[in-house]
Amino acid sequence: MGKKHYVIYTPIQESKQIAKLAFTYAPPKVKWKLADLSCGNGNLLVSFAGYMKEQNRMIPIQYYGYDIDEKAIIEARNRLLNENCYFSCEDSLFLGKEKKFDIILGNPPYLGEKNHKEIFDDLKKTEFGKKYYEGKMDYLYFFIEKAIDLLEEEGILVYLTTDYWLVADGAKTLRRTLKKEGEFLYFQDYNTSLFEGALGQHNLLFIWRKGKKGSQVLVQEKEIKFYIEQEELYAENGNIYLWQPKIKKQLQTIKEKANYRLGDLLDIKQGIVSGCDKAFVLNHYEEELKEYLKPFYKNKDIFSYSLEKQEEFWILYLNEKREWNDILEKYLSPYREKLAARREVRLGKIAWWNLQWAREEKIFQQAKILGRQRCKGNWFAYSEEDVYGSADIYYFLPKYKDLDLFYILAYLNSSLFSFWYSHCGKKKGNLLEFYSKPLMEVPIYYPENLSERREVSNLAKLQIQKYSIERQQKIDNYFKF
């Protein structure tokens with residue numbers, strides 16, 4: 001894999017694989033128009049041309065390459081001098097619909113809007129951008145949607161992307177478009193990153209065809225291959241799940257056994273957003289600030305069943321009820337300019353010395369279950385102490401007075417919950433992402449029988465005191481399907 005002009009190019013091995021798959025699934029025509037909308041130095045186009053020669057295929061092909069990197073375009077043109085090629089140094093997302101192709105290959109750029117707002121803003125002004133823009137989306141979604149617009153009927157799209165868009169909230173528009181305009185033919189889930197410097201992501205290769213024929217979808221995961229019917233690919237919420245038949249049956253069993261969702265029993269709240277941790281978070285206790293200081297926890301303090309504070313932190317808990325005084329002036333005045341620039345201050349919703357989102361204070365003071373926002377496993381802790389935590393901590397609070405939090409704690413730490421969430425929840429690379437919306441949809445069996453609940457609750461209470469693998473096995477055996 002090469003890095004040039006701050007661009008990561010598609011690895012040669014994957015380029016050859018994409019070429020072979022594109023040829024295999026290409027529409028039955030006597031000639032093809034083939035494009036890469038973010039071609040870089042032309043790896044995918046070169047690999048496709050090379051594959052055609054290796055297979056001695058004499059199909060006439062017009063190659064089209066687009067990229068905003070002029071040096072890369074020149075290099076790509078030189079690599080394909082003997083082919084019928086058209087290269088253009090321009091942003092393909094601004095191409096008109098009159099351009100049509102039979103095959104589109106690509107490894108589009110992965111960029112979030114947060115740190116690339118100006119790129120998104122330019123595109124959002126266009127008819128194309130207005131049609132497809134969605135909050136929390138990734139830039140790569142535009143390249144999929146542009147390809148859909150530019151494909152001929154029965155044309156195919158072969159893309160190497162991350163796998164996050166299959167279930168991401170910001171990809172709802174993308175998934176609806178893909179479902180409406182055509183059908184998937186192939187997925188390969190690498191379950192790892194193919195690129196240096198991006199080890200946290202998982203890559204996915206997919207083939208999509210414009211138009212519908214009711215074809216089955218071939219899914220490959222490492223050494224496993226299986227088929228999914230088109231109508232079974234999309235869940236009720238519109239997400240795409242690549243479940244093996246056995247996995248799907250197990251998930252259905254869990255759902256059928258459950259009598260509640262977590263959202264029926266719990267309120268799930270996010271922790272504090274300060275807007276400037278340097279101003280509000282201290283690594284030592286200051287006596288003169290005792291009126292305002294609260295014990296502050298990070299998500300790394302949360303383990304299975306219990307909290308284990310790794311470092312000493314305190315937070316200046318300054319909600320809208322707090323008034324300005326000389327003591328606060330001493331500590332916060334150096335940060336005034338930055339704090340005053342926060343959106344909520346500019347809108348007049350909070351004073352400049354307030355936390356951006358302080359939350360309701362009772363969230364931190366009552367009995368609760370705590371979870372990391374992002375974690376390799378399902379680690380959930382219980383606490384009745386004051387636990388003021390940052391936004392990467394989620395608080396699970398009982399909706400009902402007599403709700404058994406210890407029973408739910410056992411469930412959240414169980415292998416059954418891990419199995420469900422790893423298949424139906426949010427993931428980013430190797431990490432599970434515990435956000436309130438997918439958590440509230442998790443099915444749970446919560447027995448009405450008090451003695452049955454108490455047996456599991458007692459095991460959870462013992463786990464809080466001292467974790468035992470043997471005891472955890474008993475909990476897992478109780479919840480197993």
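Side-chain atoms are counted along with the backbone in the values below, which use heavy atoms only and exclude waters and symmetry mates. Sequential numbering from 1 along the given sequence is applied to the chain's residues.
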- So, does Tyr159 use its side chain to make a donor-acceptor pair with the main chain of Ile104 at under 3.5 Å? no
- Message: I'd like to know whether Glu127 forms a side chain to side chain donor-acceptor pair (under 3.5 Å) with Tyr132, so could you lay out the CA-CA distance, the side-chain angles of the two residues, the decisive distance to 0.1 Å, and finally the verdict.
- Response: CA-CA 9 Å; Glu127 182 181 347; Tyr132 291 117; over 6 Å; no
- Does a donor on one side chain sit under 3.5 Å from an acceptor on the other, for Arg359 and Gln270? yes
- Given the rule in the side chain to side chain donor-acceptor pair (under 3.5 Å) test, do Gln472 and Tyr305 qualify, once you have shown the distances and angles that lead to the verdict? CA-CA 11 Å; Gln472 186 58 40; Tyr305 296 97; 2.7 Å; yes
- Task: Let me see the working for Leu432 and Phe434 under side-chain contact (heavy atoms from CB on, under 4.5 Å), right down to the final yes or no.
- Result: CA-CA 6 Å; Leu432 298 173; Phe434 296 111; 3.7 Å; yes
- Arg346 side chain to Ala341 backbone, donor-acceptor under 3.5 Å: yes
- Query: Looking at Thr24 and Lys20, what are the two nearest heavy atoms and their distance?
  - Reply: OG1-O, 2.8 Å
- Message: One thing to verify: whether Lys300 and Glu308 come together as a salt bridge, which I'm taking to mean a side-chain N less than 4.0 angstrom from a carboxylate O.
- Response: no
- Under the salt bridge (charged side-chain N to carboxylate O under 4.0 Å, His left out) test, which residues partner Lys117, sequence neighbours left out? Asp121
- Query: Ignoring hydrogens and geometry, is there a side-chain-to-backbone donor-acceptor pair from Asp122 to Ile119 under 3.5 Å?
  - Reply: no
- Query: How far apart are the C-alpha atoms of Ile408 and Phe396, what are their side-chain angles, what is the distance that settles it, and do they pass the side-chain contact (heavy atoms from CB on, under 4.5 Å) test?
  - Reply: CA-CA 10 Å; Ile408 296 174; Phe396 298 71; over 6 Å; no
- Query: Does the side chain of Leu397 come within less than 4.5 Å of Ile363's, by heavy atoms?
  - Reply: yes
- Query: Between the side chains of Gln188 and Gln17, does any donor sit under 3.5 Å from an acceptor?
  - Reply: yes
- Task: Could you tell me if the ring centre of Tyr139 sits under 6.0 Å from that of Phe120?
- Result: yes
- Message: Pair Ile247, His423 - check side-chain contact (heavy atoms from CB on, under 4.5 Å), show working.
- Response: CA-CA 9 Å; Ile247 298 295; His423 288 94; 3.5 Å; yes
- Message: Has Asp189 got a side-chain atom pairing as donor or acceptor with Leu204's backbone, closer than 3.5 angstrom?
- Response: no
- Would you say the side chain of Thr253 lies within less than 4.5 Å of the side chain of Lys248, judging by non-hydrogen atoms? no
- Query: Got more than 12 heavy atoms from elsewhere within 6.0 Å of NZ, Lys338?
  - Reply: no
- Is there any side chain to side chain donor-acceptor pair (under 3.5 Å) pair reaching into residues 26-39, and which pairs are they, with sequence neighbours excluded? Lys29-Asp102
- Query: Does Ile68 CD1 have over 12 foreign heavy atoms under 6.0 Å away?
  - Reply: no
- Query: Is Asn84 reaching over with its side chain to a backbone N or O of Gln62, donor-acceptor style, under 3.5 angstrom?
  - Reply: no
- Describe, in one word, how the ring planes of Tyr260 and Tyr446 are oriented to each other, choosing from parallel (under 30°), tilted (30 to 60°) and perpendicular (over 60°). perpendicular
- Message: So, applying side chain to side chain contact (heavy atoms under 4.5 Å, CB included) with Ile240, which one of Asp163, Leu166, Val167, Val217 is it?
- Response: Leu166
- Query: Is the side chain of Asp138 donor-acceptor paired with the backbone N or O of Tyr141 at a distance under 3.5 Å, no angle test?
  - Reply: no
- Side-chain contact, heavy-atom cut-off 4.5 Å: Leu185 with Glu183? yes
- Return the set of residues passing side-chain hydrogen bond (donor to acceptor under 3.5 Å, both in side chains) with Lys136 (not counting sequence neighbours), or none when no residue passes. none
- Message: Is the distance from the ring center of Tyr407 to that of Phe479 below 6.0 Å?
- Response: yes
- Item | Tyr51 ring center within less than 6.0 Å of Phe23 ring center | yes
- Message: Whether Arg176 engages the ring of Tyr234 as a cation-pi pair (distance to the six-membered ring centre under 6.0 angstrom, angle to the ring normal within 45°) should be assessed.
- Response: no
- Taking Asn354 for the side chain and Ile350 for the main chain, is one N or O donor matched with an acceptor at less than 3.5 Å? no
- Message: Could you tell me if Gln216 and Gln230 have a donor-acceptor pair between their side chains, going purely by distance under 3.5 Å?
- Response: no
- Does the side chain of Asn430 reach to within under 4.5 Å of the side chain of Lys376, using non-hydrogen atoms? no
- Item | Cationic tip of Lys368 above Tyr382 ring, under 6.0 Å, 45° of axis | no
- Please assess Asn107 against Asn43 for the test side-chain contact (heavy atoms from CB on, under 4.5 Å), listing each intermediate value before the final yes or no. CA-CA 10 Å; Asn107 172 25; Asn43 275 2; over 6 Å; no
- Message: Can you confirm whether or not the ring centre of Tyr164 sits under 6.0 Å from the ring centre of Tyr110?
- Response: no
- Message: Between Asn78 and Ile74 (side chain of the first, backbone of the second, donor and acceptor by atom type, cut-off under 3.5 Å), is there such a pair?
- Response: yes
- Arg175 side chain vs Ala168 backbone, donor-acceptor pair below 3.5 Å: yes
- Message: Does the plane of the ring in Phe128 sit parallel, tilted or perpendicular to the ring in Phe142? Use 30° and 60° as the thresholds.
- Response: tilted
- Task: Check the angle between the aromatic planes of Phe417 and Tyr411 and answer parallel, tilted or perpendicular using the 30° and 60° thresholds.
- Result: perpendicular
- Query: Should we say atom CD of Glu70 is surrounded by more than 12 heavy atoms from elsewhere, each under 6.0 Å from it?
  - Reply: no
- Between Tyr25, Trp165, Tyr186, which is the residue that forms a ring-ring contact (aromatic ring centres under 6.0 Å, His included) with Phe206? Trp165
- Task: Please confirm whether the backbone N or O of Arg261 pairs with a side-chain atom of Asp264, one donor and one acceptor, at under 3.5 Å?
- Result: yes
- Lys100 with Glu152: basic N within carboxylate O range, under 4.0 Å: no
- Tell me, with the steps shown, if Glu134 and Thr173 meet side chain to side chain donor-acceptor pair (under 3.5 Å). CA-CA 7 Å; Glu134 183 174 5; Thr173 299; 3.0 Å; yes
- Can you name the residues that form a salt bridge (charged side-chain N to carboxylate O under 4.0 Å, His left out) with Arg374, not counting sequence neighbours? Glu433
- Task: Decide yes or no on salt bridge (Lys or Arg N to Asp or Glu O under 4.0 Å) for Lys255 and Glu441, but give the supporting numbers first.
- Result: CA-CA 11 Å; Lys255 197 172 181 180; Glu441 296 298 321; over 6 Å; no
- Supply the atom-to-atom distance Leu265 CG to Asn259 CG, rounded to the nearest 0.5 angstrom. 8.0 Å
- Message: Going by the rule side-chain hydrogen bond (donor to acceptor under 3.5 Å, both in side chains), which residues pair with Lys427 if we only count those two or more places apart in sequence or in a different chain?
- Response: none
- Item | Plane angle bin for Tyr241 and Trp243 - parallel if under 30°, tilted between 30 and 60°, otherwise perpendicular | parallel
- Who pairs with Glu83 by salt bridge (charged side-chain N to carboxylate O under 4.0 Å, His left out), at least two apart in sequence or on another chain? Lys53
- Message: Before you tell me yes or no, could you show the steps for Thr177 and Glu145 under side chain to side chain donor-acceptor pair (under 3.5 Å), namely the whole-Å CA-CA distance, both residues' side-chain angles and the distance that decides it to 0.1 Å?
- Response: CA-CA 8 Å; Thr177 303; Glu145 288 154 338; 4.8 Å; no
- Hey, is NZ on Lys212 packed in by over 12 heavy atoms from elsewhere, all under 6.0 Å? yes
